[in-house]
There are 2 protein chains.
Amino acid sequence: MNDKTNKNLKEAGLKATLPRIKILEILQRTSGTDDHFTAEDIYKELIINNYDVGLATVYRVLTQFENAGIVVKHQFDVNKSVYELNDPQHHDHMVCVDTGEITEFNDDAIKNKQREIAAEHGYELLDQSLVLYVKKIKK
Amino acid sequence: MNDKTNKNLKEAGLKATLPRIKILEILQRTSGTDDHFTAEDIYKELIINNYDVGLATVYRVLTQFENAGIVVKHQFDVNKSVYELNDPQHHDHMVCVDTGEITEFNDDAIKNKQREIAAEHGYELLDQSLVLYVKKIKK
DNA sequence: ATGCTTGCAAACGGTTTGCACGTGT
DNA sequence: ACACGTGCAAACCGTTTGCAAGCAT
């Protein structure tokens with residue numbers, strides 16, 4: 001419930017309500033530690049901490065946050081979306097097929113090559129989704 | 001209902017039934033023309049051609065084809081999967097956000113860079129999903 | 001003949017929505 | 001005060017599944 005959180009919400013044109021504040025806090029709590037949440041994850045976290053927020057509200061808030069550019073929605077797995085705070089520095093993800101662990105990475109060479117390929121086909125690159133499915137190398 | 005179609009099914013350990021044969025034919029009909037189908041697309045196509053196949057069967061058959069490596073399933077849009085014949089030469093896709101048009105491409109430089117990045121994190125690259133969201137460049 | 005296949009309808013699971021009540025500004 | 005926000009339950013929609021009947025081999 002710090003000032004920064006409230007300010008973020010105000011800037012997005014969203015009233016600083018308890019569900020929004022708490023959801024934002026949960027997202028921020030793990031910022032930087034490569035954590036990605038489903039709506040359900042956040043919902044459960046709220047319930048555990050005794051905030052009776054409806055699952056529908058979590059979805060609504062996350063959608064609002066997404067529109068406001070506060071969070072980014074990913075779909076690593078079919079029929080399950082995950083959200084993370086919007087990192088101003090865009091990055092991609094690799095998902096371990098064994099553990100589900102998510103690692104973020106960023107590579108300019110790939111980005112540039114993508115723009116190049118799009119241009120070759122007469123297109124402008126607006127957005128992109130890259131997910132690597134990997135497994136740990138055994139020693 | 002040609003021999004090749006029947007052979008493909010047999011090899012996959014699937015009986016050559018009418019739904020399977022017709023679905024495979026629909027998929028092959030547009031092979032090479034960058035066409036990607038939803039289960040619904042195929043279902044409608046069957047109905048139009050007077051084959052009373054259930055939507056559930058289309059899903060079952062597509063899943064069997066996927067397991068058999070005959071088709072590949074993609075998810076360009078959240079909550080809608082598309083299928084295409086499995087191109088032995090793996091390729092990626094760019095989707096025009098305006099028209100929905102899908103263009104296939106293939107780039108070894110990107111593939112190699114991906115393997116490299118995975119390795120840097122102690123991972124082996126098993127699979128990958130790359131989709132470019134693009135729009136036509138105006139003249 | 002027998003076991004794989006199918007159509008139908010009902011179930012599923014994540015997500016969205018209508019509505020009446022509640023709350024921030 | 002008043003518009004915006006919320007909880008609840010029902011609706012949604014693509015996909016899956018149980019079951020009894022139907023085919024390929």
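Just so it is clear, the structure is predicted and the values come from calculations on it, not from any experiment. Each chain gets a letter, A, B and so on, in the order its sequence line appears, and its residues count up from 1. All values below come from the heavy atoms of this structure, side chains included, with hydrogens, waters and symmetry mates left out.
The nearest whole Å value for the distance from the NZ atom in B:Lys73 to the P atom in D:dT15 is 7 Å. Distance CG (A:Asp77) to P (C:dG14): 11 Å, rounded to an integer number of Å. The nearest whole Å value for the distance from the OH atom in B:Tyr43 to the C1' atom in D:dG14 is 14 Å. Atom-to-atom, CG of A:Leu9 to P of D:dC4 comes out at 16 Å; the value is rounded to the nearest Å. A:Leu55 has its CG atom 14 Å from the P atom of C:dG13, to the nearest Å. In this structure, the NZ atom of A:Lys80 is 15 Å from the P atom of D:dT16, given to the nearest Å. Distance CG (A:Asn79) to P (D:dT17): 12 Å, rounded to an integer number of Å.
Taking only side-chain atoms of B:Arg20, from C-beta outward, the nucleotide of C:dT6, D:dT15, C:dT15 with the closest atom is C:dT6. Comparing D:dT6, C:dT5, D:dT25 by their closest approach to the side chain of B:Leu14 singles out C:dT5. Comparing C:dT17, C:dT6, D:dG5 by their nearest atom to the side chain of A:Arg60 picks out C:dT17. Out of D:dT16, C:dG24, D:dT25, the shortest distance to the side chain of A:Thr17 is found at C:dG24.
In terms of position on DNA chain C, the residue among B:Ala56 and B:Lys15 whose nearest nucleotide sits closer to the 5' end is B:Lys15.
A side-chain donor from one of A:His91 and A:Glu84 sits under 3.5 Å from a side-chain acceptor of the other.
Under the 6.0 Å cut-off for aromatic ring centres, A:Tyr83 and A:His36 do not qualify, their centroids lying 6.0 Å or more apart.
Ion pair A:Asp92/A:Lys111 flagged as a salt bridge, since at least one NZ, NE, NH1 or NH2 atom sits closer than 4.0 Å to an Asp/Glu carboxylate oxygen.
Residue A:Ser81 has no polar side-chain atom (N or O) positioned under 4.0 Å from OP1 or OP2 of C:dG14. Within the 4.0 Å cut-off from OP1 or OP2 of C:dT16, not a single side-chain nitrogen or oxygen of A:Tyr59 is found.
Partner A:Lys22 forms a side chain to side chain contact (heavy atoms under 4.5 Å, CB included) with one of A:Leu46, A:Leu27, A:Ile42 and no other, that one being A:Leu46.
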